[in-house]
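Notes to accompany the following structure.
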Amino acid sequence: MNLTDRIYVAGHHTLLGKALLRQLQQRDYSAVIASSAEEPDLTDRADVDAYFNDVRPDYVFLAAGMTGGIGANQKIPAELMLNNLLIECQVIDSAQKYGTRKLVYFASSCSYPRSCRQPMQVASLMTGPLEPTNEAYATAKIAGIKLCQAYRQQYGVDMISVIPANMFGPGDEFGVEDSHVIAALIVKMHRAKRAGMEKIDVWGSGSPRREFIYVDDVADAAIFLMENYSSGAPINVGNGSDVSIREIAQMIKEVVGYHGELCFDRNRPDGMPLKALDSSELLAMGWQPKTPLRLGLERTYRWFVETNGVIDS
Ligand code: GFB
């Protein structure tokens, strides 16, 4: 990508989209198409088509699509699946039609089978049943990978799929029921601290393990891959270390400064027992993650507090 090429971040209001904008701006790309007023309804065929016809981006990062944690995936699987399927179809097709040179599509680590060999390798995709708590969303994400491969095969257009580990960071959705675990626990512990509550609920047994990656590291890797990777095979983006939910909850407790008790609610689902990515291919290309987990949590909490206008001592 040259600094003056037209770059479109589809979904620039999402956790990942915002991080992509930050990372592109830091690198002085001058033609990033970013104004939220300009973004069309990405689920709408005619809107997306007209937008691409008008804007003609050279490069596209497809970071759009509804996401949510394990709770949202159980509550609104149809919405999550439909929204992601529609956006993939519209954006990928319009990118091809209007001459986009390259597109990076973001899948999800839940695209891997539930009982996958760990750490998960790209060769394991579609070799077994998916985790039931997020089957609908995961199926939509797999469809996006397949669509990129099909467009590459039929039209020769350079579309690559990136599979990030569990992302977190500034700009995440912070809610109690629908968020991913880190955002949800930050909200719960922050509120509990302020209200002087003696305990909070942590869903599940605490034993599942996740590989958490700071979102700016994923954005950084995606720009690196836009410049250095061209293949139909998806590529994993992780940092090579996983922690248990009990451990991450304890870390968040320290970062937030909450001194109450963590009560594990086994009536809530655990989801996949372990999700860790084999990112050896990316690391062998020379890319390195930059943000240690603890530092990422501190930055995220600071952003949350500042954005919510509640500065605690
Ligand atoms: O982040 P999370 O919802 O994503 O949950 P998944 C991770 C783990 O944290 C699960 C536990 O074992 C949860 O039971 N957990 C503990 C909590 N307390 C909480 C809480 O308050 N909120 C939440 N949300 N979890 C998602 C998929 O699965 O991963 C999505 O559902 C997406 O489709 C995303 O792919 C990357 O890793 O379990």
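Ligands are counted one by one from 1 in listed order, and the atoms in each one are counted from 1 as well. Atom set for the values below is all heavy atoms of this structure, side chains included, hydrogens, waters and symmetry mates excluded.
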Query raised in the report: When you measure from atom 4 (O) of ligand 1 to each heavy atom in N166, N134, N73, which option holds the nearest one?
Result: N166

Requested in this report: For the pair D58 and Y8, evaluate side-chain hydrogen bond (donor to acceptor under 3.5 Å, both in side chains) and give the outcome as yes or no after the intermediate values.
Outcome: CA-CA 8 Å; D58 299 309; Y8 173 42; over 6 Å; no

Query raised in the report: Any donor-acceptor pair under 3.5 Å linking the side chain of N2 with the backbone of T4?
Result: no

Query raised in the report: Which of the atoms of ligand 1 are close to G69, meaning less than 4.0 Å from one of its heavy atoms?
Result: 3 (O), 31 (O)

Query raised in the report: For ligand 1, is there an atom lying under 4.0 Å from some heavy atom of A138?
Result: no

Query raised in the report: Side chain of K97, backbone of D49: donor and acceptor closer than 3.5 Å?
Result: no

**Report entry** Proximal candidate to atom 32 (C) of ligand 1 [heavy atom criterion; set R246, H180, M167, E177]
**Finding:** H180

Requested in this report: Report the nearest protein non-hydrogen atom to atom 10 (C) of ligand 1: residue, atom name, distance rounded to 0.1 Å.
Outcome: D270 O, 3.3 Å

Query - Closest approach of any protein heavy atom to atom 38 (O) of ligand 1, naming residue and atom - result: R210 NH2, 2.9 Å

Query raised in the report: Counting heavy atoms only, which part of S179 comes closer than 4.0 Å to ligand 1: side chain, backbone, both or neither?
Result: backbone

Query raised in the report: Which bit of V181 is near ligand 1, meaning a heavy atom under 4.0 Å away: side chain, backbone, both or neither?
Result: both

Report summary line: The answer for which part of I70 has a heavy atom under 4.0 Å from ligand 1 is both

Query - Close N or O approach (S108, ligand 1; < 3.5 Å) - result: yes

Requested in this report: Would you mind listing which atoms of ligand 1 come within a distance below 4.0 Å of any non-hydrogen atom of V202?
Outcome: 16 (C), 18 (N)

Query raised in the report: Just checking, R246 and F264: is the charged tip under 6.0 Å from the six-membered ring centre and within 45° of the axis?
Result: yes

Query - S111, P269, G204, P208: member with heavy atom nearest to atom 13 (C) of ligand 1 - result: P269

Query raised in the report: Quick one: does S94's side chain have a donor or acceptor within less than 3.5 Å of a partner on V91's backbone?
Result: no

Query - Candidates D217, D220, N239 - the one meeting side chain to side chain donor-acceptor pair (under 3.5 Å) with K290 - result: D220

Requested in this report: With Y214 as reference, evaluate T300, L295, L293 under the side chain to side chain contact (heavy atoms under 4.5 Å, CB included) test and give the passing residue.
Outcome: T300

Report task. Check E131 against ligand 1 and report side chain, backbone, both or neither, counting heavy atoms closer than 4.0 Å. Result -> neither

Query - Contact with ligand 1 for R268, non-hydrogen, under 4.0 angstrom - result: no

Report task. Compute the minimum heavy-atom distance from T133 to ligand 1 and say whether it is under 4.0 Å. Result -> no

Report task. Calculate, to the nearest 0.5 Å, the distance between atoms CD and OH belonging to E254 and Y301 respectively. Result -> 13.5 Å

Query raised in the report: ligand 1 and Y137, any nitrogen or oxygen pair closer than 3.5 angstrom?
Result: no

Report task. Considering non-hydrogen atoms only, spot the tightest contact between P164 and V162 and give its length. Result -> CD-O, 3.4 Å

Query raised in the report: Which atoms of ligand 1 are found less than 4.0 Å from any heavy atom of G68?
Result: 30 (C)

Query raised in the report: Which residue and non-hydrogen atom of the protein lie closest to atom 18 (N) of ligand 1, and at what distance in Å?
Result: W203 N, 2.9 Å

Requested in this report: Report, in ascending order of atom number, the atoms of ligand 1 lying under 4.0 Å from any heavy atom of K275.
Outcome: 6 (P), 26 (C), 28 (O), 29 (O), 37 (O)

Report task. Test salt bridge (Lys or Arg N to Asp or Glu O under 4.0 Å) on D216 and R22 and set out the steps. Result -> CA-CA 8 Å; D216 283 75; R22 282 195 293 275; 2.7 Å; yes

Query raised in the report: Judged by atom type as modelled, is there a donor-acceptor pair below 3.5 Å linking the side chain of T307 to the main-chain atoms of F304?
Result: no

Requested in this report: Can you see which heavy atom on A183 is nearest to which on D172, and at what distance?
Outcome: CB-OD2, 3.8 Å

Report summary line: Among non-hydrogen protein atoms, atom 8 (C) of ligand 1 lies closest to I245 CD1, 3.5 Å

Query - Those atoms of ligand 1 less than 4.0 Å from some heavy atom in K188 - result: 20 (C), 21 (O)

Report task. Pull out every atom of ligand 1 sitting under 4.0 Å from any heavy atom of C110, numbered as shown with elements. Result -> 33 (O), 35 (O)

Report task. Drop me the distance from I163's CD1 to Y105's OH, to the nearest 0.5 angstrom. Result -> 9.0 Å

Report summary line: Taking only non-hydrogen atoms of A184 and a 4.0 Å limit, the atoms of ligand 1 in range are 20 (C), 21 (O), 22 (N)

**Report entry** Pairing of D201 and K188 as salt bridge, 4.0 angstrom limit
**Finding:** no

